[in-house]
Amino acid sequence: MLHHMIASGPRPVAPFSHATEVNGFVFVTGQMPTDPTAPDAPLPEGIEAQTRRVVENLKVVLGGIGLTLADVTMARIYLTEFERDYAALNALWPSFFAPGKLPARTTVGVTALAVGALVEIDLVARRP
């Protein structure tokens with residue numbers, strides 16, 4: 001098993017690797033909407049901005065190990081305001097992937113996330 005920490009990646013909010021890898025599968029830890037270049041800066045406002053920042057952070061982690069969003073097989077999304085933000089998330093989500101190439105996905109409502117985030121996303125990817 002490989003444990004990946006990406007030097008340019010977001011500062012972890014807890015003790016974990018950015019990703020682990022086994023048998024060609026890569027498990028990317030859930031990312032928060034923090035700025036890797038300014039980890040103590042305020043979070044972006046609103047679900048759309050936070051989702052974009054989270055996806056950018058996921059792209060940094062994937063890129064650090066030679067992968068892209070095109071390699072993602074599964075996403076899990078956690079929302080603190082499910083009723084309010086689910087439709088906006090669904091409207092934005094397809095823009096991150098090639099048409100017709102959406103990964104499998106689970107979205108759940110949660111009571112809270114680290115750093116007061118509205119959204120957290122973790123991924124499973126596979127090496128081509």
Side-chain angles (χ1 to χ4, degrees):
M1 182 182 314
L2 300 173
H3 296 82
H4 300 287
M5 286 302 294
I6 310 307
S8 61
R11 179 176 69 192
V13 298
F16 53 70
S17 298
H18 281 129
T20 58
E21 183 172 352
V22 62
N23 296 331
F25 283 96
V26 178
F27 303 88
V28 180
T29 295
Q31 294 299 307
M32 310 310 296
T34 55
D35 183 341
T37 64
D40 296 318
L43 299 180
E45 292 287 328
I47 190 62
E48 292 92 348
Q50 285 200 17
T51 300
R52 283 188 185 91
R53 178 76 259 163
V54 168
V55 171
E56 287 303 312
N57 289 347
L58 290 164
K59 288 166 64 175
V60 168
V61 173
L62 289 167
I65 55 177
L67 298 173
T68 70
L69 289 176
D71 300 304
V72 173
T73 61
M74 174 69 184
R76 280 181 296 252
I77 303 172
Y78 307 90
L79 298 173
T80 59
E81 298 290 340
F82 191 92
E83 294 290 328
R84 183 191 73 195
D85 293 339
Y86 187 64
L89 172 80
N90 284 335
L92 182 61
W93 186 248
S95 70
F96 301 117
F97 301 94
K101 302 289 184 179
L102 294 172
R105 187 184 107 181
T106 299
T107 306
V108 296
V110 296
T111 59
L113 292 168
V115 302
L118 299 174
V119 59
E120 179 176 354
I121 303 172
D122 67 55
L123 303 175
V124 178
R126 182 141 192 227
R127 290 211 178 267

### Message
Assess the residue pair L118 and R84 against the criterion (side chain to side chain contact (heavy atoms under 4.5 Å, CB included)); give the C-alpha distance rounded to whole Å, side-chain angles, the decisive distance to 0.1 Å, and a yes or no.
### Response
CA-CA 11 Å; L118 299 174; R84 183 191 73 195; 3.6 Å; yes

Determine the minimum heavy-atom distance between [X] and [Y], stating which atoms define it.
X: P94; Y: A91; answer: CD-O, 3.8 Å
X: P44; Y: P33; answer: CD-O, 3.2 Å
X: A19; Y: V61; answer: CB-CG1, 4.3 Å

Do the side chains of [X] and [Y] join up, straight or via other hydrophobic residues, at under 4.5 Å, putting them in one cluster?
X: F16; Y: L62; result: no
X: M5; Y: L123; result: no
X: L92; Y: Y86; result: yes
X: I121; Y: I65; result: yes
X: L113; Y: L89; result: no

### Query
Charged N to carboxylate O below 4.0 Å: is that the case for E56 and R53?
no

### Query
Is a salt bridge present between R127 and E21, judged by a nitrogen-to-oxygen distance below 4.0 Å?
yes

Any side-chain heavy-atom pair of [X] and [Y] under 4.5 Å:
X: P10; Y: T34; result: yes
X: L79; Y: V110; result: no
X: R105; Y: N90; result: yes

### Task
List the steps and the verdict of side chain to side chain contact (heavy atoms under 4.5 Å, CB included) for Y78 and D122.
CA-CA 9 Å; Y78 307 90; D122 67 55; 3.0 Å; yes

Between [X] (side chain only) and [Y] (backbone N and O only), is there a donor and an acceptor less than 3.5 Å apart?
X: T107; Y: I77; value: no
X: T80; Y: T111; value: no
X: D71; Y: P128; value: no

### Task
Check Q31, H18, M32 against P12 for a side chain to side chain contact (heavy atoms under 4.5 Å, CB included) and give me the one that passes.
H18

### Task
Go through V26 and T20 one step at a time and tell me if the side chain to side chain contact (heavy atoms under 4.5 Å, CB included) criterion holds.
CA-CA 6 Å; V26 178; T20 58; over 6 Å; no

### side chain to side chain contact (heavy atoms under 4.5 Å, CB included) assessment of L43 paired with V115
CA-CA 9 Å; L43 299 180; V115 302; 4.2 Å; yes

Working to the nearest 0.5 angstrom, can you tell me the gap between [X] [atom1] and [Y] [atom2]?
X: M1; Y: S17; atom1: CE; atom2: OG; value: 9.5 Å
X: L67; Y: H4; atom1: CG; atom2: NE2; value: 8.0 Å
X: N57; Y: I6; atom1: CG; atom2: CD1; value: 12.0 Å
X: F96; Y: L102; atom1: CZ; atom2: CG; value: 11.5 Å
X: R126; Y: F27; atom1: CZ; atom2: CZ; value: 10.0 Å

### Query
Parallel under 30°, tilted from 30 to 60°, perpendicular over 60°: which one fits the rings of F97 and W93?
tilted

